[in-house]
Amino acid sequence: MITRPDHIEDYLITVRNGQWFGWSDHTNKVYANLIVHDGGSKPTEQECTDGLVQLQTDFDNRKTKKETDKANANQKLKDLGLTDDEIKEIKGIN
Amino acid sequence: MAQIKLQADGLNLADTFAFSGTVTGAGGITEVDQWYVTSSFTENGMDAVTANWARFPASLGFNKIGTGMSESSGIFTFPSTGLWKITWHFFAYHDTDAGYVGGHIYTTEDDFSAEIGAAQSYTNTLGGASSSSVGIWVSTIFDCEATATHKVKFYTEAQADTDFIGSSTIGRMTASFIRLGDTP
């Protein structure tokens, strides 16, 4: 996901494909208003909560890893003797 | 009008008219409606959007003109015959192997015993890249000759799992309908 997951709907779309769920009141998307369209099982509120937390953790970990990888790559280039300008040049950001 | 500006041979179109009352019989737009999908979903392949439709609300700056469309399981029925401009737009993102995302408008002249591919559009995505965003915008003009049989529905398509983003607070996946005039 592009933005950090912040709602149980972010978890629900990962449970199964299609428009299997909706809300009895789409202006108030709380678990109590969650409805199932396809006759399939409805996740528990705890599963939704845990699922959202997991998505947030995964998102944060990916972000952290990306930042770490970037910093490590820069450092390794510097260790090879490249200047900041040279590093920018090979990244195409000059 | 405070001032009558009629000439012997009709209206002078170079004049300025300031109407303060109601003008009737002059044509114009009589039907405008817009709907949106209020929840996201993940999908691959090509599927009609059949659920979670709602009329675009006044809180998002919209008030329909006229009777408006009716919707059931993703099939939209027109309130009156005529030429209609139909627009379908949505936003999606993915972090899978999807190489393309598409959008389709399908109409029918026999209540979807058969359907007509009225409009489709595709965009390539950055297959394999994480968090690629895509936008789709499709439009067509449809001659609704009978409201009981001439209808429309909307599809999404993706090569692999893609998140189609609905929202109840932002118009991210919308279908709009404007009646342009009478059926020819």
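Judged as a side chain to side chain donor-acceptor pair (under 3.5 Å), and not counting sequence neighbours, A:Glu67 has no contacts.
Comparing B:Asn52, B:Val37, B:Val49 by how many heavy-atom pairs each has under 4.5 Å with chain A, the most go to B:Asn52.
Under a cut-off of 6.0 angstrom, the local environment of NZ in A:Lys63 is sparse, with at most 12 non-hydrogen atoms contributed by other residues, nucleotides or ligands.
Residue contact with chain B, scored on non-hydrogen atoms closer than 4.5 Å, involves the backbone and the side chain of A:His26 alike. In this structure, no portion of B:Ser59 lies under 4.5 Å from any heavy atom of chain A.
Screening B:Trp88, B:Phe154, B:Trp53 for a side chain to side chain contact (heavy atoms under 4.5 Å, CB included) with B:Met173, the sole residue that qualifies is B:Trp88. Of the options B:Lys151, B:Met69, B:Lys153, a side chain to side chain contact (heavy atoms under 4.5 Å, CB included) to B:Phe76 is made by B:Met69 and by none of the others.
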